[in-house]
Amino acid sequence: MSRWICCPLLLLLLLPLGCEVQAQVENRVVFLPGAFQNVSVSQNETVQAVVSRILPEVAFITLQFHTQHRNATLSYTRMPGRGLSMTAVDSGLLSTLQPGQAFLSLFLSSPDADTVAGTGVILPYSSTDPVPGACNMEFNLDIDPNVYIHYNLYETTIRFAPANLGYERGEPPLACDESTESTTRWRLQYDIYQYFLPENDLSERSLFIGIQAVADIQGMVENGKRVLTLLSSDTSMAVFNSIPGQGVIFSVVVRDPLLNTSASYVPAHTYACSFASTLDGCQTLGKISTKFFFTVAGLAGLFVCFFGHRFFKCELFCMGFSFATFFFFVLITRTTGLDYDICLALSAVIGVVGGVLLVMSWWRFGSVMACIVVVGLMLGFLIASTVLFTPLGDLDLFRRSNAVFWVTFCCIMFIVPLFFVRWPREGNIVTCGIVGAYAVILAVNAYVYTSLSYITLNILKRFLNNNFNAAFTDVPFQAIDYVLITVWVVLGVCGIVLQLYRERSRPFFPPSPYLMWLQERERRKTNVLDPSHHFPPLANRLLARVRQLTKRMEPAGEHTPLLL
């Protein structure tokens with residue numbers, strides 16, 4: 001944890017975190033150490049950010065400014081220039097201080113034709129604390145304490161510049177790469193933290209509350225979650241799972257293990273979606289096609305959960321549809337560049353064919369076990385996905401090796417159907433309850449975000465993205481997730497108990513309609529007492545019906561004269 005300069009005067013100056021200490025006056029706003037200040041920057045306006053009352057013990061300070069989705073420019077000079085300014089939604093500048101300096105000015109402006117509102121804070125550090133981004137060789141600033149975020153559909157990547165050891169005011173900085181000894185910056189370590197904002201909350205107020213909670217080292221250590229520690233010899237980047245619509249704040253804390261000091265980079269946030277996009281933006285994440293697909297799937301899952309075994313053909317169709325849709329969605333997406341809606345529609349059509357083929361295979365051949373294996377694979381897939389959705393899936397053993405991950409996944413997936421050989425009816429009913437109830441959860445996710453959808457979505461992303469194994473798949477668990485876990489358990493248990501009770505006195509599985517038809521036809525041939533045995537064949541009956549339509553029928557009646 002960072003060592004703030006502890007002296008009575010500083011304690012008197014520092015106000016509680018999140019408290020506004022000065023009102024913004026025209027184009028000038030004053031920051032005090034550790035106190036958040038809300039700032040509004042109008043179009044074509046430059047606001048002077050004044051940092052005052054800097055103590056002599058402070059060797060450098062960072063000024064960070066955060067907005068929700070509009071860029072703001074933070075610069076050393078009134079006119080922003082390359083290498084002297086930072087433009088981003090989470091921007092920060094680090095200023096080293098000269099001997100006797102107690103006053104500092106930086107400048108805020110709006111790079112676009114819009115008013116920008118955000119919150120900012122300055123954090124002071126001593127000469128023994130590491131200097132974040134002081135060994136920058138990649139980004140524009142000479143000393144860059146910022147965390148850079150890039151995201152796509154599958155993964156979110158953060159990058160940052162390496163730090164250097166601290167130094168006194170007026171002294172030259174230490175060389176970055178002349179030596180790798182323990183007296184150089186190569187002894188520094190980097191702790192990467194993430195902090196999840198409340199689910200389904202895209203408000204600016206929620207973001208600013210989160211930023212204020214984790215802006216400094218103490219706040220991030222207490223409220224955030226450390227997911228990774230990098231050495232100076234490692235690449236200064238980390239990859240995480242993208243969760244569109246879920247706000248996440250990332251921060252890096254650089255530590256000096258020798259002096260037991262630390263400093264914080266400027267936290268950065270992302271929602272893994274765009275606020276500016278009118279199609280699939282943060283406010284309109286759910287596609288109509290996705291909502292329709294999973295709504296129908298949820299209704300079918302609810303039916304299978306309570307009546308799947310009783311209506312065996314419907315269950316087989318649903319399982320075959322799910323299996324074929326998932327497989328061909330992966331295949332079409334990886335091999336073609338078609339639009340998402342087209343891929344989903346084609347996969348659904350092929351899924352219908354797959355469901356019909358599974359039903360017809362049972363109808364024609366009557367092999368229950370062959371169909372039950374497919375049903376067991378569905379349950380095995382869900383169980384394997386759930387196991388690797390837990391923190392177990394974030395172990396380096398599974399993250400760094402695709403072979404280990406997929407071998408483990410397939411072993412779990414193929415072990416489950418083995419139990420169906422010994423208890424086929426019970427296994428089929430359990431599958432109906434668990435898989436059907438999860439389909440209901442996916443339908444709810446189409447309208448209300450829940451982390452439970454990532455049980456299977458993480459596997460889908462790993463199928464579709466070759467580099468997804470490097471991503472951390474940790475997702476937040478909040479109130480709605482615990483509610484939906486309860487719904488999943490209740491639906492699954494109720495469906496299983498109801499079907500076991502209702503089917504206790506019935507045959508294990510309904511007989512094959514084709515085999516029943518064959519047996520009935522054979523019975524009719526051999527049983528002469530059966531009235532149906534004397535019926536002419538169907539072809540003869542149809543031919544007789546046609547002849548009746550084309551042949552004139554003689555009227556029935558007496559044609560001879562009546563005798564007296």
Side-chain angles (χ1 to χ4, degrees), residues 64 66 88-92 130 132-139 144-164 185-197 210-211 214-217 219-221 223-244 246-257 262-273 388-402 404-405 451 454 457-458 461-462 465-476:
Q64 50 182 272
H66 305 273
V89 293
D90 301 288
S91 56
C135 288
N136 175 38
M137 298 293 290
E138 181 179 358
F139 307 109
D144 196 338
N146 294 281
V147 175
Y148 294 86
I149 294 180
H150 174 75
Y151 68 85
N152 56 32
L153 178 65
Y154 309 104
E155 61 190 20
T156 297
T157 304
I158 68 168
R159 298 177 181 273
F160 57 93
N164 200 355
R185 65 104 176 172
W186 291 92
R187 71 175 186 241
L188 299 178
Q189 299 178 0
Y190 303 86
D191 293 335
I192 299 177
Y193 288 84
Q194 66 178 172
Y195 173 82
F196 290 105
L197 298 175
I211 289 290
V214 298
D216 64 344
I217 301 172
M220 180 55 81
V221 171
N223 300 307
K225 177 183 179 182
R226 188 179 68 177
V227 294
L228 181 65
T229 297
L230 296 176
L231 303 177
S232 293
S233 57
D234 297 326
T235 304
S236 55
M237 64 171 291
V239 184
F240 299 84
N241 182 25
S242 287
I243 311 176
Q246 171 62 53
V248 188
I249 300 174
F250 295 100
S251 184
V252 179
V253 174
V254 53
R255 293 185 293 106
D256 187 339
S262 56
S264 175
Y265 283 71
V266 176
H269 76 280
T270 180
Y271 294 91
C273 58
L388 295 174
F389 176 74
T390 63
L392 181 67
D394 276 336
L395 295 178
D396 289 342
L397 178 66
F398 297 110
R399 289 183 55 250
R400 301 187 184 278
S401 174
N402 273 325
V404 174
F405 179 90
S451 298
Y454 283 84
L457 188 57
N458 283 341
K461 288 183 176 183
R462 194 147 185 164
N465 188 1
N466 294 329
N467 299 321
F468 190 71
N469 62 305
F472 286 90
T473 57
D474 188 30
V475 294

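Every heavy atom of this structure was used, including side-chain atoms; hydrogens, water molecules and symmetry mates were not.
The structure places CD of E155 at 8.0 Å from NE2 of H150, a figure rounded to the nearest 0.5 Å. With rounding to the nearest 0.5 angstrom, the CG atom of N164 is 12.0 Å from the CG atom of N136. With values rounded to the nearest 0.5 angstrom, Q194 atom CD is found 15.0 Å from H269 atom NE2. For the atom pair OG of S236 and CD1 of I158, the computed distance is 9.5 Å after rounding to the nearest 0.5 Å. Note that CG of L397 and CG of L392 are 8.5 Å apart. Values are rounded to the nearest 0.5 Å. Between the OG1 atom of T270 and the CD atom of Q246 there is a distance of 10.5 Å, given to the nearest 0.5 Å.
Two residues are said to be in side-chain contact when any heavy atoms from C-beta on lie closer than 4.5 Å; N241 and N458 meet this criterion. Looking at heavy atoms from C-beta onward, S232 lies out of side-chain contact with P162 at the 4.5 angstrom threshold. No side-chain heavy atom of F196 sits less than 4.5 Å from a side-chain heavy atom of K225. Counting heavy atoms from C-beta on, the side chains of H66 and V89 never come closer than 4.5 Å. Residues T156 and F250 meet the side-chain proximity criterion, which asks for heavy atoms closer than 4.5 Å. Contact of the Q64 side chain with the P145 side chain is not registered, since no non-hydrogen atoms from C-beta on lie closer than 4.5 Å. Within the 4.5 Å cutoff, no side-chain heavy atoms of I249 are placed close to those of Y193. In this structure, V147 and D90 have side chains that are not in contact, with every pair of non-hydrogen atoms separated by 4.5 Å or more.
Although no hydrogens or angles enter the test, the distance criterion places a donor-acceptor pair under 3.5 Å between the side chain of Y151 and the main chain of C273. Looking only at distances, a side-chain donor or acceptor of Y190 sits under 3.5 Å from a matching main-chain atom of A163.
Remark: D191 engages T229, R255 in a side chain to side chain donor-acceptor pair (under 3.5 Å) (not counting sequence neighbours). Partners of Y454 according to the ring pair (Phe, Tyr, Trp, His ring centres under 6.0 Å) rule, which considers only residues two or more places apart in sequence or in another chain, do not exist here.
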Exercise for review: Starting from the C-alpha separation in whole Å, work towards a yes-or-no answer on side-chain contact (heavy atoms from CB on, under 4.5 Å) for E138 and D144.
Suggested key: CA-CA 9 Å; E138 181 179 358; D144 196 338; over 6 Å; no
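A215 and S264 get closest at one heavy-atom pair: O-OG, 3.9 Å. Between G92 and V266, the closest heavy-atom pair is CA-CG2, 3.7 Å. Closest approach of Y195 and N223 over heavy atoms only: CD1-O, 3.4 Å. Across all their heavy atoms, P130 and A263 have their closest contact at O-CB, 3.3 Å. Taking every heavy atom of both residues into account, M237 and L230 meet most closely at O-CD1, 3.6 Å. Heavy atoms only, all atoms of each residue included: G219 and D216 are closest at N-OD1, 3.0 Å.
Taking a 6.0 Å sphere around CZ of R159, one finds it holds 12 or fewer heavy atoms contributed by other residues, nucleotides or ligands.
Y265 and F160 have perpendicular rings, their planes meeting at more than 60° on a 0 to 90° scale where under 30° would count as parallel.
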